[in-house]
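Report on the structure given below.
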Amino acid sequence: MKIDLDDVANAVLFFAVFIGIWQLVFVLGIWPKVSLPSPYAVAESFAEVILNYTLFTGIGITLGRLVIGFLISIALGTVIGLAMIKFKGFGKTMSSISAGLLSFPSIAWVPFSILLIGFNDAGILFVVIMSSIFSITISTYSSVRNIPPIYIDAARNMGAKGLSLFLHLTIPAATPSLIIGIRQGWSFAWHAIIGAEILMSIVGLGHILSVGREFQDMGLVIASMITIFTIGLLVDRLLLFKLEEKIRSRWGLSSDR
Amino acid sequence: MLYAGDFQLTKLEAKNITKYFQHETHRIKALDGINLKVEDGEFVCIVGPSGCGKSTFLRIVSGLDTTEEGEVIFDGKPVNTTSPERILVFQEGALFPWLTVSDNVEFGLKIAGVPKDERREISSRYLDMMQLTKFANSYTYQLSTGMKQRVAIARALAMDPDVLLMDEPFAALDAQTRDLLLVEMQLIWERTKKTIIFVTHNVAEAVVLGTKVVVFSNRPSVVKKEIVIDYRRPRLVEDQNLAKFQQDVMKELRPEVKAGSKNQS
């Protein structure tokens with residue numbers, strides 16, 4: 001991977017200024033120390049949760065739940081999306097419903113999930129799945145429908161039908177736009193899991209955040225927020241964005257060629 | 001040397017093909033009973049004014065489109081679906097961008113379950129014929145339009161179809177590339193003995209390639225005239241002796257184009 005020195009310099013400068021302003025506001029004493037700790041105090045909280053393994057356990061549990069929930073989302077979402085194509089009436093209705101549910105706030109699933117399933121992992125998974133599955137159904141539905149008819153004609157003409165048409169044409173032809181839906185779904189799932197964990201969990205990153213609030217430990221709250229931000233950024237930039245770029249260039253869609 | 005008169009067996013026959021287009025609220029009759037016999041090994045070029053339904057006719061022959069009346073008889077049996085026996089080469093090539101050039105050529109063979117080694121052998125033979133060996137592992141977006149079209153032809157030939165259906169395959173090419181391909185196409189036809197139906201709007205192209213040129217009338221289309229091109233091969237576009245055939249075709253085509261443009265305005 002090529003690292004642009006300019007980019008690094010810009011990022012370093014940005015964070016230096018950001019921490020500088022933070023320190024300045026802290027020194028001015030506009031807020032009491034409990035409400036706004038110094039950058040140093042936050043670093044201390046960070047060190048503490050790292051040293052007593054709370055943070056890594058939390059990250060592990062949260063990501064574990066997220067991956068399981070998201071994989072279920074992808075599997076179910078794809079099946080529903082394909083059913084929407086197969087059954088046109090269902091597809092029309094379901095695409096409106098999906099559009100509505102796509103903008104439905106993930107946190108609003110929490111009470112429903114608690115009453116239906118309970119304060120447990122399954123309940124959290126339910127929130128994650130409901131928050132991300134509609135990105136997947138909509139993107140499956142539209143990616144497959146937007147495959148240029150001429151590709152389908154050419155493949156059919158060469159003898160592809162049924163399963164072979166699906167495997168050798170539909171899936172690869174839809175992949176570049178499917179990955180966009182997956183990326184979006186992942187970000188919804190990420191929103192959902194933190195929200196659900198704050199309200200429903202006794203472990204995980206979201207839980208650490210809510211512990212910080214209960215004990216009025218702003219250092220812990222900010223440290224968790226930084227962790228959440230960093231993981232979100234890393235997964236998107238290093239994994240999903242890279243994957244999307246790779247697919248796009250392999251499909252001849254990238255702009256910089 | 002092959003001449004139109006040498007062909008005896010009817011490979012394909014279109015009987016009274018009728019087709020409507022749906023245009024917003026009303027139906028437009030595009031094909032008004034096309035009758036056409038194509039003998040085995042013949043190279044038939046179809047010309048006609050734009051919008052006359054010649055591409056649609058080709059799709060019907062391929063089985064990708066259906067007809068409202070009439071039928072296409074292929075090897076004695078009516079066509080009701082697509083078949084690798086009749087491969088359509090699209091104007092846009094319709095190559096798959098996620099596959100390499102050789103995987104594109106092997107697509108139909110893979111679907112048919114041909115083993116990998118055999119597929120490679122077939123694709124390299126046709127890529128060699130199309131002078132694309134160097135590009136076997138390239139992706140299609142890395143190729144020029146002319147190269148893409150040669151890949152599309154290689155892909156069609158790799159299926160070893162009885163009939164090759166070509167829908168303005170050279171329309172998007174520059175003049176030099178087209179001239180080259182016009183010669184190559186004649187060599188391929190002589191070498192493979194395929195029956196070819198070739199739709200074009202370019203009269204010179206039709207006369208160079210065809211054993212006969214079929215002129216479609218303006219919409220609703222019928223076959224207005226079949227003109228046999230009895231002339232030695234390989235033919236070159238600039239050959240002055242072809243001018244007479246071109247004039248024969250133009251004489252039939254011009255009034256149809258005029259009528260067509262009047263309809264559209």
Side-chain angles (χ1 to χ4, degrees), chain A residues 74 78 81-82 85-86 88 139-183 240-257, chain B residues 55-56 58-65 79 81-101 103-114 119 137-143 148 151-161 163-167 169:
Chain A
I74 292 180
T78 312
L82 293 174
I85 291 156
K86 184 85 184 162
K88 291 210 170 77
S139 95
T140 305
Y141 182 63
S142 67
S143 323
V144 173
R145 271 162 45 107
N146 289 335
I147 294 173
I150 195 168
Y151 289 166
I152 299 167
D153 285 347
R156 277 178 57 206
N157 195 192
M158 287 185 282
K161 53 175 182 260
L163 187 64
S164 65
L165 187 70
F166 181 70
L167 292 178
H168 296 290
L169 188 98
T170 312
I171 291 180
T175 295
S177 79
L178 274 177
I179 186 70
I180 297 171
I182 286 176
R183 210 176 143 199
L240 297 173
F241 180 71
K242 280 270 179 326
L243 187 66
E244 189 184 323
E245 283 297 288
K246 202 168 173 181
I247 287 170
R248 287 181 65 81
S249 81
R250 172 86 146 65
W251 264 245
L253 294 165
S254 73
S255 45
D256 52 46
R257 62 162 195 264
Chain B
S55 293
T56 307
L58 216 53
R59 288 177 61 88
I60 290 170
V61 173
S62 78
L64 284 167
D65 253 342
V79 166
T81 180
T82 58
S83 154
E85 297 282 286
R86 302 178 308 276
I87 292 288
L88 181 57
V89 177
F90 297 86
Q91 181 177 347
E92 307 88 345
L95 299 174
F96 303 135
W98 59 89
L99 296 178
T100 61
V101 166
D103 286 342
N104 260 291
V105 175
E106 292 167 30
F107 184 90
L109 302 169
K110 191 171 182 180
I111 298 285
V114 177
R119 293 202 310 255
N137 296 316
S138 304
Y139 287 94
T140 54
Y141 63 86
Q142 297 165 316
L143 307 181
K148 278 184 198 160
V151 176
I153 295 168
R155 181 172 77 173
L157 289 172
M159 299 297 295
D160 196 22
V163 179
L164 211 50
L165 306 166
M166 307 184 80
D167 187 10

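No hydrogens, no waters, no symmetry mates; every other heavy atom, side chains included, goes into these values. Per chain, numbering begins at 1; letters A, B, ... match sequence-line order.
- For B:Ala94, the parts lying under 4.5 angstrom from a heavy atom of chain A are both the backbone and the side chain.
- Options A:Ala155, A:Pro176, A:Pro148 differ in how many heavy-atom pairs under 4.5 Å they form with chain B, and the most are formed by A:Ala155.
- For the atom pair B:Arg59 CZ and A:Asp153 CG, the distance stands at 4.0 Å (nearest 0.5 Å).
- In this structure, CG on A:Leu253 lies 9.0 Å from OH on B:Tyr141, to the nearest 0.5 angstrom.
- For the pair A:Ser249/B:Tyr139, no side-chain contact is recorded, criterion being any heavy-atom separation below 4.5 Å from C-beta on.
- Taken from CH2 in A:Trp251 to CG in B:Leu99, the straight-line distance is 8.5 Å, to the nearest 0.5 Å.
- Side-chain contact between A:Met158 and B:Ile111 is absent, with no heavy atoms from C-beta onward closer than 4.5 Å.
- With chain A as partner, the option from B:Arg86, B:Glu85, B:Arg155 having the largest number of non-hydrogen pairs under 4.5 angstrom is B:Arg155.
- Both the backbone and the side chain of A:Leu169 come within contact range of chain B, with heavy atoms under 4.5 Å apart.
- Only the backbone of B:Leu95 comes within contact range of chain A, with at least one heavy atom under 4.5 Å from a heavy atom of that chain.
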